[in-house]
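Order of the sequence lines sets the chain letters (A, B, ...), proteins ahead of strands, with each chain counted from 1. All values reported here derive from a predicted model rather than from experimental measurement. Every heavy atom of this structure was used, including side-chain atoms; hydrogens, water molecules and symmetry mates were not.
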Amino acid sequence: MEMQKTYNPKDFEDRIYADWCEKGYFHAEIDPNKVPFTIVMPPPNITGQLHMGHAMDCTLQDTIIRFKRMRGYAALWLPGTDHAAIATEVKVVDSIKETEGVTKEQLGREEFLKRTWAWKEKYAGRICEQLKKMGSSCDWDRLTFTMDEKCSRAVREAFVNLYHKGLIYQGNRIINWCPHCKTALSDAEVEYSDEASAFWHLRYFAKDDPNRSLVVATTRPETMFGDTAVAVNPEDPRYKDMIGKMLILPIVNREIPVVADEHADMEFGTGCVKITPAHDPNDFEVGLRHNLPVVCVMNEDGTMNDGAGKYSGMDRYACRKAVVEELEALGNLVKIEPHTHSVGHCYRCHNAVEPMVSKQWFVKMEPLAKPAIQAVMKNRIKIIPDRLSKTYYNWMENVRDWCISRQLWWGHRIPVWTCSDCGKQICEKKDPSICPACGSSRLEQDEDVLDTWFSSALWPFSTLGWPDETPDLDYFYPTDVLVTGYDILFFWVARMIFSGLEHKKQIPFRDVLFHGLVRDEQGRKMSKSLGNGVDPLTVIDKYGADSLRFSLITGVAPGNDTRYTEAKVEAGRNFINKIWNASRFVIMNVEGRNVLPLKQIKLTPADKWIVSKLETCIKEVTLNLNKYEIGVALSKLYDFMWDDFCDWYIELTKSALYGTDEAKKDGAVSVLVFVLENALKLLHPFLPFVTEEIFDHLPNTEGSIMVAEFPRYNAKLAYKKEAKAFEGIKEMIQSVRAVKKEVGCAPSKRVDLYLITENKRFIHANEAPLLKLAGANSVKYVEDVSALGKTVSKLCELAQIYIPLGELVDLEKEKARLEGELERIISEIARADGKLSNQNFLLKAPKKLVEDERAKYEKYLDMKKKIEQQLKDFE
RNA sequence: GGGGGCAUAGCUCAGCUGGUUAGAGCGCAUGCUUCACAUGCAUGAGGUCACAGGUUCGAGCCCUGUUGUCCCCACCA
């Protein structure tokens, strides 16, 4: 079958993917004779569709897993999707409002969950389709959803374990409350940003002395209804006499004490702090120290409750305004200062969160964090790039207890029941039917669900069957590398590490490869609100998946952000087009020829040169892939394929291919096929589709490239010396081209080359390609050029080249050019001389370097002599 | 307040453990209807490697400081 003239990915990408699936190449089998290599995919949220970040994430993983598979590992890439409790619930709530005009409460828990499962079916399916479009070679037989039965069992097991160890506890503590999502959030789920606001100075009068008062400065006047004290610093001379006295809280006229507490900073504000334990984390701590009552004044939707008296039911911000007005009217408002402070926002709906005291479930972090820190410290887990280890330590060392309960419906239900008769709390692996204490069957399960990250934390082993000791778990765990964005280091990676160590007693992965964010052309984050997101599917539709993959990994380094630009996709498309056409050229020329093994061919210097380049490329690509330097690996291949193979080697073979010597033709074709086949294998992990399509057209290939063996470096084929010598021929070709251009000689005009050289034999062996690529008629080896008339000349490593160009030669210009060259060489000599006359350099620098420098010096001296001779010839 | 990234060609970025004349893509200039490819080929112009010190035989790379810029964490009554 002949290859199409132009590269058109639409013709084959889908077909090839279907074929791979059908052949079962993605499926990983347990094979005792192979070493396992495992990646579990960070499960995309089922909230919508994949964006460019996902596309990069999956390209990196696919590249790694394909490489390992070709390298002979039992390579498992396990795909999945995440139920994303809060994120999905927010979406479904919006959706039912829009489509059915109802709230989730109106629908009821059961109906709402039905809708959400339907949502899941739709979106999880769509996400998988997108992953397939990208060419992802993941094992679809093992596709997992975080609320699958096996994951639910893992969640239950983990929760019960932690509960009985006392590492999960329920408590009334201050948490972040999202009034829009109406749920508690963990610290990690809150994003802070600076907001311009004000400092309201409020005067609270002393109960016994109407002339005495304290002025508190607050950014939250509406919370004053929850004030249960005013704190001053014990050392503050201004207020020492007030400590222990009572103040009258304005509007509500409640009495509150003045307490002495270090929390009050004498330098800040007025030095007096109103203490609202129910609505501020620091105040909560102060409250604990002084045994203050906790008065909650807000409802779960962010409106004021009865504690706010007549403002009950009013929104918190409306109330703020009203309270300030009333205080002003009452004469308690001293002044308003502009003030900027940071305000926490819900990471899902971006509304301002409310610190609030609430009864929630928490994971005790300190005992879990310690071994997790050690695992990275002792290098059992390697974080790439290394600098992110610091971020990890910093977070782990200061982490507070993890609030895991969410007041949502979509998620893993908290496995705790309370006996309605005796109040006993039950937390077991199996759902209890009667109370073990009193035998009652009136058991109520906790209404809340778990933080979505609680189940994600178990992902590396829950997907493999934990808590059962399955063969998969035994063989594929611990996984080898986790590939994900640095933005979820805290949410996910850190929690997988301590969860793996706690529950599985093993690290979850050996390496963590972090990548950065995909930004837009201007370097901005891609986001819905900016509308600057680019849909990977649109790009695939226009350019094909391989081009998109190219654009997403070209130039990326671990942990670094990257920009998506259509120009990069085009560069990818052009590169692939180049591969396509080079392959077409090779395949066209194969027809009617004998493709022989390298051993049976007399290799030309050019052949040895390209084979040598190929070997170097194999070495570098392998090395960089093993270091997860995917971008570097690809760029090595790009250069090899384009510059060495296409621009040089293919051109070099043409003199043989269009000649008459059959043996030479067979030789050239054989080397072309050999190099191309290897190059395609090297390229396959990056550009799976196009390489498969071409591989199929190559002679002597069988089966799929994706299960072919990845090329291994072969030192016997490195031909270092020969390759270096051949560079001299390249230099001559380039010199002739440059000289022609300089004097305005048309590149197509054939010239005669006169060489003064000691390398006649070697040059002669390469004469045919030299003539063809330099655009020359003949090569003549001479001792003296005085008879040639006007010439231009160029000094090369292998020879001095003289080209008689008659009237085209401007003697003055030529002389000036040579003088310029001489000048450059003289300065090189001075540089080398400087180094060589430096005793310290001679003594301390490595011998090889000194030798090289000396050789260089000699070479330049020789060049200088030759150019001086040429200049003399002008006279 | 703590931590980190970045600063190299007009633009976007590479530059490994310090070692020839610092690279690529895009852009630019000039010339090519050469039989795989104009999604191409050839030739070329373009850099005080942010600034100031230091270490070293040798610094784009290591150290200290400065400036600019971006990010993360904590605090912010």
Answer with base, sugar-phosphate or nothing: what part of the nucleic acid does [X] contact at a heavy-atom distance below 4.0 Å?
X	answer
R573(A)	base
R824(A)	base
K740(A)	nothing
D647(A)	sugar-phosphate
W642(A)	sugar-phosphate
A567(A)	nothing
Y392(A)	nothing

Looking at K848(A) and D852(A), is any side-chain nitrogen of the basic one under 4.0 Å from a carboxylate oxygen of the acidic one?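 Salt bridge between D852(A) and K848(A), a charged N being under 4.0 Å from a carboxylate O: yes.
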SB check R824(A) E821(A) (cutoff 4.0 Å):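 No, R824(A) and E821(A) are not salt-bridged.
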I need the [atom1]-[atom2] distance between [X] and [N], as an integer number of Å.
X	N	atom1	atom2	value
D561(A)	rC70(B)	CG	P	14 Å
F575(A)	rA24(B)	CZ	P	16 Å
E853(A)	rG58(B)	CD	C1'	10 Å
E191(A)	rC71(B)	CD	P	13 Å
D283(A)	rC75(B)	CG	P	13 Å
K578(A)	rC41(B)	NZ	P	4 Å
N838(A)	rC57(B)	CG	C1'	5 Å

Give every pair of a protein N or O atom and an N or O atom of nucleotides 46-49 of chain B that lie under 3.5 Å apart, one pair per line with the distance.
none

Among rC72(B), rC57(B), rA36(B), the one nearest F490(A) by side-chain distance: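 For the F490(A) side chain, the nearest candidate turns out to be rC72(B).
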Give me, pair by pair, the N or O atoms of the protein and of nucleotides 7-12 of chain B that are less than 3.5 Å apart, along with how far apart they are.
residue : atom : partner : partner atom : Å
rU12(B) : O3'  : R563(A) : NE           : 3.4

Short side-chain donor-acceptor distance under 3.5 Å, S547(A) and K542(A):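 Their side chains do not contain a donor-acceptor pair, so the 3.5 Å distance test is not met.
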Dump the intermediate steps for side chain to side chain contact (heavy atoms under 4.5 Å, CB included) on K636(A) and V632(A), then the final yes or no. CA-CA 6 Å; K636(A) 299 280 180 196; V632(A) 177; 4.0 Å; yes
